[in-house]
Each structure stands twice: as structure tokens, then as C-alpha cells.
2 protein chains.
Amino acid sequence: MASRSSRVTLRDVAEAAGVSVATCSYVLSGRADRIKPLPEATRRRVEQCARRLGYEGNTAARSLRRQRSELIALIYAPPVGPWLDRLTMQCEDLAADRRYSVIGVPIRSLDRAAQSLRVVTRGHVDGAIFTPDLADHLDLTAARRSTRALMVFSEHLTAPGIDVIRNNVEQSVAEATTYLIAAGRRRIAFLAHAGMASPLSSDRYLGYAGALERAGIAVDPRLVRAGAEAREDAVLVVRDLLDLPEPPDALVSESDRGAFAALQAASDRGVKVPDDLAVIGTGNTKEAGYSSPPLTSVGMYELDFTEIVEALFARIDDPTLPARELSMPWTLNRRLSA
Amino acid sequence: MASRSSRVTLRDVAEAAGVSVATCSYVLSGRADRIKPLPEATRRRVEQCARRLGYEGNTAARSLRRQRSELIALIYAPPVGPWLDRLTMQCEDLAADRRYSVIGVPIRSLDRAAQSLRVVTRGHVDGAIFTPDLADHLDLTAARRSTRALMVFSEHLTAPGIDVIRNNVEQSVAEATTYLIAAGRRRIAFLAHAGMASPLSSDRYLGYAGALERAGIAVDPRLVRAGAEAREDAVLVVRDLLDLPEPPDALVSESDRGAFAALQAASDRGVKVPDDLAVIGTGNTKEAGYSSPPLTSVGMYELDFTEIVEALFARIDDPTLPARELSMPWTLNRRLSA
DNA sequence: TTGTACGCGTTATCAC
DNA sequence: GTGATAACGCGTACAA
């Protein structure tokens with residue numbers, strides 16, 4: 001009979017326990033011992049009532065007052081791969097230590113991005129991590145003003161109060177391409193993300209095209225194709241490429257996912273990897289070690305984001321910290337596919 | 001000089017525009033025409049000031065007052081596959097029409113679930129969708145009380161005011177297993193999710209084991225292995241299985257991901273699919289059509305979640321709606337792998 | 001232990 | 001006609 005149909009508020013608990021909301025707040029928010037510890041009896045009574053009523057608090061009210069939500073956000077563009085999974089899990093683990101929770105914010109398209117990002121720009125997310133390629137196409141000023149910390153994977157962005165991670169994407173993909181050229185490959189295909197913005201402006205593509213250019217090889221537009229996001233698309237695209245009168249003898253994919261698809265398409269067509277077709281992926285996910293053949297991939301040597309997440313929390317604790325630039329250069333991780 | 005270092009509030013805009021916060025609120029929240037439309041001049045002035053100052057509102061304050069956050073949550077357990085990607089994207093699209101945003105809530109482990117779910121249980125998420133296998137292991141009462149709508153993939157759960165989706169998982173997996181038996185397979189392996197709870201209690205496993213039992217075949221524990229989550233694990237596990245003195249002649253995987261890995265492991269070991277090894281996956285993701293051989297998979301025929309999301313929004317609009325039970329039975333989608 | 005101002009926007013009511 | 005006042009939602013934290 002005591003149960004209202006709606007949420008249980010602090011006031012309900014206070015009434016039930018016969019104390020003031022202030023006392024309840026102290027007890028339930030842990031800070032029961034601000035100066036003089038409350039008597040055990042009171043404390044227990046409050047806790048019991050809270051449990052019995054199923055009190056759950058209200059984040060909106062708390063974070064409005066505290067100006068802290070104990071929430072961090074991961075901004076990403078689906079589809080999700082093992083790369084983001086790993087980041088998510090590590091965030092979760094590190095956040096749990098500090099009693100923070102993690103939420104994901106999927107961005108479907110650039111024109112709807114502002115809408116999706118309201119959680120970050122108008123809500124009170126204490127910190128946010130923008131996955132690669134996103135930050136370069138979004139306006140971060142609103143997000144910056146509304147959060148205590150922003151961590152961004154970006155090669156070029158530089159903004160006050162925002163921490164960035166540099167992967168040296170262009171350079172490392174160029175290295176990979178050059179490696180293929182040195183191995184005698186001449187018809188090197190590129191499997192691009194359809195992406196949010198023009199695929200031909202991605203750092204990965206720039207690295208690929210730059211390396212070709214420096215080697216005096218013209219980019220053959222027929223060898224540059226989108227489809228790296230979805231495995232099923234990639235398979236079709238690569239089959240297509242292999243059916244060309246002059247098929248590629250190597251392929252660089254903007255994702256490991258696309259590269260795996262290439263391996264499969266090659267197998268479908270009876271094309272030997274790496275003999276007839278060298279394949280290099282991007283991301284260096286764990287799966288790369290277990291494909292057949294194991295996939296050569298450009299990426300972080302170990303997918304360890306601990307430092308990044310720690311830095312985010314450091315800035316949440318103290319937003320006046322100078323903006324940092326974390327360098328985590330990608331490398332070419334050679335396996336058997338190239 | 002007008003710019004404070006902190007957030008811009010409605011009060012700031014009001015001061016700048018020389019009107020009251022109430023007026024600003026009316027203008028900026030769209031309800032400018034509460035009864036009598038405000039003069040264009042005032043409205044424009046307010047809008048200009050808001051833009052100039054970079055006003056972004058404050059979700060905490062708004063949702064505290066309105067008791068609405070215009071946010072829906074997707075609760076899931078990483079790693080993420082194409083299944084969740086599709087759900088995410090469809091949610092995003094349908095949410096955008098109603099000016100809602102979507103957030104993801106990753107759950108790492110059951111004992112930390114309550115912490116992760118605070119966004120749902122204490123925050124003001126208007127609605128939440130729990131992906132399969134999650135709801136059965138979580139206490140949803142808090143989430144239920146704190147949201148207007150809950151949509152849950154579950155075979156067994158039945159709770160007042162919660163909408164559920166029934167996939168007939170056990171039955172459909174049993175059918176698939178029976179199909180393998182009818183085709184003469186006798187050593188049928190099962191690739192399980194390590195999962196949050198005991199793998200041996202999953203509906204999928206129950207369907208598999210039940211079908212075997214009904215056919216008078218004993219479950220061989222050596223043929224039941226975990227590892228369906230991560231492709232790299234699955235490859236190793238299936239290789240292991242194939243190296244057994246008495247290797248399996250068929251395999252049912254709790255995910256398509258694991259089934260793809262099985263295809264690869266088979267290819268690594270020179271085992272022919274489906275001749276030497278029949279493989280059936282779960283989820284019926286689009287990729288299934290493009291593996292080699294194309295993967296037979298149990299799952300929704302088309303991954304279309306529109307009805308589900310619409311139902312969620314319907315309940316958000318009117319929480320008094322009777323709890324619905326959406327039936328979306330899985331079927332066996334035959335391709336070449338079995 | 002408690003009263004209460006506060007954080008920020010919303011909306012019903014009131015005043016010029 | 002135009003726009004301001006003020007109560008409100010819910011928890012927090014300082015002063016009493």
C-alpha cells in the first residue's frame with residue numbers, strides 16, 4: 001500500500017525512516033561520515049527502508065546538483081569490430097574501478113550526428129572518447145564545453161583542452177604499401193570504407209596513394225573500391241576485382257574485416273595468398289593471427305587502451321591539465337598474407 | 001568577454017537577449033506558441049543570442065523536469081556482431097524520426113551489471129531493449145520502475161508491463177539438430193558461448209541436447225566446447241575438435257561468428273564442408289550468405305527489428321499499454337554448409 | 001540531524 | 001498582446 005506507482009524518491013525513504021531527506025542523502029550517498037558519524041541505528045534504518053522500497057536514486061537530479069554524472073561515452077560509427085569491443089571492455093573495466101559507467105553513442109550519419117551527440121553535448125557525460133575518423137568530421141566545440149574531458153583519435157585535430165591520440169596512420173599505411181611495392185607488387189588494390197565523408201580523403205587512402213605516387217605508380221581507379229565495412233560487401237567487391245582482366249596482385253584494406261573477406265574471395269576464386277595476391281589489413285585485431293593464412297596488418301602492435309582511458313580519467317579529475325598528445329604509432333605486423 | 005569558462009545556461013541567453021528565462025525557454029524548446037505566438041522580433045533575438053553564445057541546454061535539468069529524456073538504451077554484452085549492429089542502426093533511424101537518441105550499454109559481467117545499468121535504473125532512459133540472454137540473468141525490477149518501456153528478448157521471462165520477444169530458440173535449434181540427425185550425422189558438436197551464466201543452461205544448448213536425446217544419441221561432452229564469441233578462439237577450438245580421434249561430423253554453433261570460424265578451421269584441416277563436416281550457425285546474419293560455402297543458419301529470416309522498436313516507442317508514448325508478446329520464431333535457413 | 005538554498009529548465013499563472 | 005513570476009522535479013551540501 002505504500003507503493004506508489006511511480007518512482008521511489010528520497011522523500012519516500014525519508015518518510016518511511018522517519019528522518020529528513022538530508023540524512024537519507026548522507027547515508028545513501030556514502031558520505032554518511034561527513035563530520036560526525038551517524039548512529040548506526042539511524043543508518044541501518046535508512047538503508048533498510050531504501051532497500052525495502054526499492055529506492056534507486058535519480059541520476060538527473062544528482063548530476064544536476066553535483067555537476068558530475070560518473071558516465072563516460074564512447075562515440076563510434078557502426079558496424080562494430082573487435083577493435084571497439086576491446087576498447088569498450090577495457091573502458092568498462094577501468095571505469096568500474098572508479099564507479100563510473102560506460103555508454104556507447106552510435107553515430108549513423110554526419111547530418112544526424114548532432115542529434116546523437118546530445119548525450120554528450122547537452123547531457124552530463126563526464127568524458128568521451130571519439131573513435132578514429134569521427135572527430136575530423138564533427139564539430140567538437142559543443143562537446144568540449146559540456147564535458148570535463150575529451151579524448152580523440154585523430155591525426156590532424158589540434159584543439160585546446162582536447163587530448164588526442166596520434167596513430168601515424170598515413171605514414172604506416174604508406175610503409176605497408178611501399179613494402180608491397182618492394183616485394184614486386186604493381187597492381188595494388190585499395191579496399192576503402194564507404195565512410196561518413198569522402199573515402200578518398202581518409203588518412204589510410206592518402207598513405208596508400210602517396211606511396212604509389214612516390215614509387216611512380218599511378219593509382220588505378222578501378223582498383224580502389226569501397227566495401228570494407230561489411231564482410232558480405234567486401235567479398236563481392238574483391239571477387240569483382242579478381243575477375244578483372246588485369247586483377248590486382250595485392251590489396252590493402254582499410255579494415256581487417258575487409259582483408260578477411262579478401263582472403264575468402266581469393267580462396268573462392270582459387271587465387272593463392274600471398275603468391276598471387278598479397279593482402280594487408282588495418283587494425284591488427286587479434287583475429288589477424290588466426291585467419292588462414294594469418295593476416296599481415298597495420299595497426300597498434302598490442303590493442304591496449306589502458307593509457308588512453310587513464311588519461312581520460314586524469315583529465316576528468318583535473319580538467320585544467322594541459323592537453324596531451326599521445327603517440328601510439330601503428331606498425332606493420334607481418335604475418336603470412338603479405 | 002561575455003564567455004564564461006563554463007557552460008552556457010538559459011540564464012545567460014536570457015540576459016544577453018534582455019528577456020526572462022521563461023521566454024527563452026518557450027522560444028528554444030519550440031513551444032514558442034504556448035497560446036499567443038511571440039513576436040518574431042523577440043524570437044529571433046533569443047535564437048540569435050543562443051546561437052552566438054553556443055547555448056546547448058542541459059539534459060539533466062530538462063529531463064528532471066519533464067520526466068523524459070528522449071533517450072533509449074540498448075543493453076548488450078560485447079563482443080558485438082552484425083546482429084546488434086543492425087539493431088543499433090534501425091533503432092537510430094527510427095529514433096531519429098522522433099527526435100530520440102540511442103545509447104548502448106555494454107554489460108561485461110553479471111556482478112557488475114547493476115553498476116553498468118545505472119543509466120537505466122537511476123537515469124532517465126525512456127526505454128530500453130535487452131538483447132538475448134541478458135534479461136534472464138538480470139533483475140529487471142529496478143529497470144522496470146525507472147523506465148517507461150522495456151523490451152526484452154527472452155524465451156521465458158514474463159513480467160507485468162514488460163514487452164517480450166519470443167524467438168522459439170530452443171525449438172528451432174532442436175529442429176536444426178534433428179535435421180542434421182536425419183541427414184545421418186551422429187557426432188554433432190556444439191560450440192557454445194562462454195557467456196555470462198552457465199553455457200549449459202542456454203536455450204540453444206537445451207535445443208541441441210534435447211534433439212539428441214530424443215534421437216537416442218548421448219551428448220558427448222568432448223564435443224561441447226565454449227568459444228563462440230571470439231573468432232580466434234573458435235578457430236582453435238574447432239581445430240581441436242577436428243583433431244580428435246573421433247572428430248565430429250557436424251557442428252552447431254551458438255553464433256554465426258563461431259560457425260564461420262568452423263568453416264575456416266575445416267578448411268585449415270582439409271575437411272570438406274558439408275561432406276565431412278556439416279556446419280550450422282545461429283543468428284542468420286547477412287554474412288551467412290557470403291561465406292564459402294554459404295552458411296546454413298538458424299535465426300530470424302530477415303533481420304528486421306522495426307516492429308520491435310515501434311512497439312517500444314508505442315509503450316513509451318503510453319506505458320499503460322498491456323504487455324505484449326511478440327513472436328518472431330527462428331527458422332532454419334538452409335544454405336550449403338549443411 | 002535538519003532546514004534550505006541550489007543546479008537548470010519547464011510550464012502554469014499572473015501582471016502591465 | 002507581451003512577457004515576467006514562481007513553483008516544481010530530486011538530490012546535494014552548507015549552515016545551523
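Here is how names work: the chains are called A, B, and so on, in the same order as the sequence lines, proteins then strands, and each is numbered from 1. What you are looking at is a predicted structure, and each value in this text was computed from that prediction instead of being measured.
- Residue A:Arg66 places at least one side-chain N or O closer than 4.0 Å to OP1 or OP2 of D:dA13.
- Distance check, rounded to the nearest 0.5 Å: CD1 of A:Ile103 to OG of A:Ser69 gives 8.0 Å.
- Atoms CG (A:Leu64) and C1' (D:dC8) sit 12 Å apart, rounded to a whole Å.
- What separates CG of B:Leu10 from C1' of C:dG7 is a distance of 13 Å, to the nearest Å.
- Using a 4.0 Å cut-off between charged nitrogen and carboxylate oxygen, B:Asp93 and A:Arg112 count as a salt-bridge pair.
- With sequence neighbours excluded, the residues forming a side chain to side chain contact (heavy atoms under 4.5 Å, CB included) with B:Glu47 are B:Val27, B:Leu28, B:Arg43, B:Arg51, listed by chain and number.
- Atom-to-atom, CD of B:Gln67 to C1' of D:dG11 comes out at 13 Å; the value is rounded to the nearest Å.
- Checking the phosphate oxygens (OP1, OP2) of D:dC10, no side-chain nitrogen or oxygen of A:Thr9 falls inside 4.0 Å.
- Nearest heavy atom pair, residue B:Arg66 against residue B:Ser29, reads NH2-CB, 4.1 Å.
- Summarising the geometry, the separation between OH on B:Tyr26 and C1' on D:dT5 is reported as 11 Å, rounded to the nearest angstrom.
- The CD atom of B:Glu15 sits 13 Å away from the P atom of C:dC8 (whole-angstrom rounding).
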Worked check of salt bridge (charged side-chain N to carboxylate O under 4.0 Å, His left out) between B:Glu325 and B:Arg166: CA-CA 7 Å; B:Glu325 184 171 318; B:Arg166 309 286 190 212; 3.3 Å; yes

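- Distance CZ (A:Arg118) to P (C:dC8): 19 Å, rounded to an integer number of Å.
- Distance, B:Arg11 CZ to C:dG7 P: 8 Å, rounded to whole Å.
- Where B:Arg65 and B:Pro39 meet DNA chain D, the nucleotide closest to each residue was compared, and B:Pro39 sits on the side nearer the 5' end.
- Not one side-chain nitrogen or oxygen of A:Ser20 sits closer than 4.0 Å to the OP1 or OP2 atom of C:dG3.
- If you check residues 55-63 of chain B against DNA chain D, the residues with a heavy atom closer than 4.0 Å are B:Ala61, listed by number.
- Contact between A:Glu229 and A:Pro79 at its shortest, heavy atoms only, is O-CG, 3.7 Å.
- Note: B:Asp126 CG to B:Leu71 CG = 7.5 Å, rounded to the nearest 0.5 Å.
- B:His124 has its NE2 atom 15 Å from the P atom of C:dT10, to the nearest Å.
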